[in-house]
Amino acid sequence: MIDRLIPAARQILDRQTGQVTDAISYAQPRYRLTVDGRDITADITARLISLTLTDNRGMDADQLDIRLSDHDGRLAMPPTGAVIRLWLGWSTTGLVDKGTYTVDEINHTGSPDVLTIRARSADLRQGFARKQERSWHNKTLGDILRTIASEHALKPLVNVTLAAVGLPHLDQAGESDANLISRLAEDHDAVASVKNGHLLFQPIGAGVTASGLDLPHITLTRADGDGHSYINADRNNYTGVRAYYYETNSAERKQAIAGEAGENTEPDNAKTLRHTYADRESALTAARAEWQRLQRGTQTLTYTLARGRPELIPELTYTLKGVKSEIDAIIWLGGNITHELSDQGLITRLDLTAQLPENEEITGDGTQSYTGVLAWYRDEKTGQQHKITEGDQANPKRLTHLYASKRTCERAVKREWERLQA
């Protein structure tokens with residue numbers, strides 16, 4: 001009898017030991033919260049319903065929403081203006097510092113009684129929304145951004161090429177600094193943001209930080225995702241962008257055009273920018289930037305990671321594998337990121353748009369009589385961009401998106417070349 005029980009007992013003990021080992025090694029979501037420097041993690045763990053952090057691209061403030069159960073009515077409401085600091089991660093990899101947020105909204109609902117705390121990134125709360133009246137003459141983009149950064153006690157990190165761009169005249173008429181910076185970013189196909197005491201200004205999708213360090217390129221597989229939504233839509237069907245400007249000592253309003261037909265040809269359906277520019281070069285730069293933005297937005301992808309990755313930030317580039325051939329074929333550029341912690345675990349939702357080649361303008365030269373086709377792809381090993389061509393390159397049709405591999409790029413170029421010849 002005892003002889004028969006010993007092996008069974010050993011099997012039970014081994015199974016229990018294995019379960020304990022699995023529990024220890026199994027990744028579990030973790031977080032840490034402080035309010036005005038005091039750690040409140042232990043106080044709210046049993047009450048936490050959900051924690052959602054939206055890391056916005058650009059000048060929109062990042063937002064932190066915390067929902068807590070107040071079933072017993074004993075939960076104290078934090079004061080508006082309190083500073084919350086968040087760390088987010090996993091038990092196996094540690095926590096990632098996600099920054100500080102200032103409480104600006106408290107909401108209590110019931111029943112069941114729930115307290116919702118909303119906080120926004122502290123860097124964008126003070127001063128940026130105040131409207132100002134001033135002008136700059138013969139300054140560079142870097143001069144203007146450094147001045148604004150200094151006024152808000154921020155350290156400027158501006159891309160070297162963009163910083164050197166000259167602006168003959170710029171008016172800030174009843175406009176906040178946040179809006180002005182956003183407008184300058186739009187005019188130069190750049191992304192501007194305020195993070196951790198820095199004013200960042202860099203080209204969209206450059207793949208580097210403002211200080212020149214390379215950002216990592218992320219590869220995601222079908223197994224990483226818990227859901228996706230892909231849209232390929234040419235909603236407005238614009239064929240170009242028009243921007244107006246005035247020449248010096250002239251009252252005549254002129255136009256600069258970027259688009260499929262080039263700047264010397266009037267497009268069939270042009271989007272017109274509302275702002276009027278001080279000179280032709282500024283107007284053409286803004287028109288080209290908006291045209292790039294329109295092309296980038298024709299394909300969008302929302303991708304939800306079943307296992308959240310709090311280290312991901314806006315402006316990273318991505319390759320998708322095993323999702324769908326059209327999705328896998330191109331490089332994706334990261335926009336807003338949402339991290340959500342609840343009883344379902346920690347997930348990350350990515351808003352992505354199609355990446356454009358960094359080495360090629362996608363405007364035409366004034367004619368639709370294409371003599372060839374040109375496209376760019378990202379080398380999977382080196383990260384460098386290379387081009388593939390078909391036909392005479394005197395006036396090639398430039399394919400819009402950056403392809404994920406040489407093979408997919410060659411296939412797209414060949415398909416388009418055959419279509420043009422037909």
Side-chain angles (χ1 to χ4, degrees), residues 23-24 26-56 59-129 149 152-155 178 193-200 307-314 336-349:
I24 294 174
Y26 180 73
Q28 298 179 11
R30 293 285 186 266
Y31 70 96
R32 183 185 174 207
L33 280 171
T34 63
V35 176
D36 291 334
R38 186 175 72 87
D39 194 327
I40 64 166
T41 310
D43 299 335
I44 68 168
T45 295
R47 297 178 179 271
L48 184 67
I49 299 173
S50 66
L51 183 155
T52 304
L53 173 63
T54 303
D55 193 350
N56 288 313
M59 292 298 292
D60 291 334
D62 299 338
Q63 182 172 303
L64 174 63
D65 290 313
I66 304 171
R67 297 180 67 238
L68 302 170
S69 171
D70 191 24
H71 58 279
D72 55 3
R74 300 178 62 184
L75 194 58
M77 293 187 183
T80 56
V83 176
I84 298 177
R85 187 160 192 166
L86 170 67
W87 290 262
L88 201 57
W90 294 90
S91 58
T92 53
T93 57
L95 298 176
V96 177
D97 187 352
K98 301 305 294 182
T100 58
Y101 306 86
T102 302
V103 176
D104 63 2
E105 184 177 326
I106 302 294
N107 183 21
H108 194 279
T109 60
S111 59
D113 286 10
V114 173
L115 175 65
T116 301
I117 303 167
R118 174 162 294 174
R120 291 180 173 87
S121 50
D123 289 327
L124 282 173
R125 283 178 49 87
Q126 302 297 327
F128 268 99
H152 297 280
L154 298 172
K155 181 179 180 181
S193 60
V194 176
K195 305 282 187 183
N196 299 323
H198 293 78
L199 172 59
L200 307 174
R307 186 177 187 275
R309 295 183 59 174
E311 76 277 11
L312 298 182
I313 58 175
N336 295 349
I337 297 179
T338 302
H339 305 287
E340 184 174 347
L341 175 65
S342 67
D343 57 1
Q344 302 299 311
L346 174 60
I347 64 171
T348 296
R349 183 167 59 253

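Ile347 is linked by a side chain to side chain contact (heavy atoms under 4.5 Å, CB included) to Thr304, Glu340, counting only residues two or more places apart in sequence or in another chain. Not counting sequence neighbours, the partners of Arg38 by the salt bridge (charged side-chain N to carboxylate O under 4.0 Å, His left out) test are Asp43. Residues meeting the side chain to side chain donor-acceptor pair (under 3.5 Å) test with Asp65, sequence neighbours left out: Gln63, Arg118. Residues forming a side chain to side chain contact (heavy atoms under 4.5 Å, CB included) with Val114 (at least two apart in sequence, or on another chain): Ile49, Arg67, Thr109, Thr116. Residues passing the side chain to side chain donor-acceptor pair (under 3.5 Å) test with Ser50, sequence neighbours excluded: none. Checked against side chain to side chain contact (heavy atoms under 4.5 Å, CB included), Ala149 has the following partners two or more places apart in sequence or in another chain: Leu154, Pro156, Leu199. Taking Arg32 as the reference, Asp39 meet the salt bridge (charged side-chain N to carboxylate O under 4.0 Å, His left out) condition, with sequence neighbours excluded. Under the salt bridge (charged side-chain N to carboxylate O under 4.0 Å, His left out) criterion, Asp113 pairs with no residue, sequence neighbours left out. Taking the salt bridge (charged side-chain N to carboxylate O under 4.0 Å, His left out) definition, one finds that Asp72 meets it with Arg47, sequence neighbours left out. Ser342 is linked by a side chain to side chain donor-acceptor pair (under 3.5 Å) to nothing, counting only residues two or more places apart in sequence or in another chain. Residues that satisfy the side chain to side chain donor-acceptor pair (under 3.5 Å) test with Thr348, not counting sequence neighbours, are His339.
Pairs of residues two or more places apart, or lying in two chains, that qualify as salt bridge (charged side-chain N to carboxylate O under 4.0 Å, His left out) and include a residue from residues 85-97 are Arg85-Asp97.
A heavy-atom distance below 4.5 Å is found between the side chains of Ile117 and Ile84.
Under the 6.0 Å distance and 45° angle rule, Arg30 does not count as a cation-pi partner of Trp87.
For the atom pair OG1 (Thr54) and CG (Asp60), the distance works out to 10.5 Å, reported to the nearest 0.5 Å.
Partner of Asp62 under the side-chain contact (heavy atoms from CB on, under 4.5 Å) criterion, chosen from Thr100, Val194, Asp55, Asn336: Asp55.
Closest approach of Pro29 and Leu346 over heavy atoms only: CB-CB, 3.8 Å.
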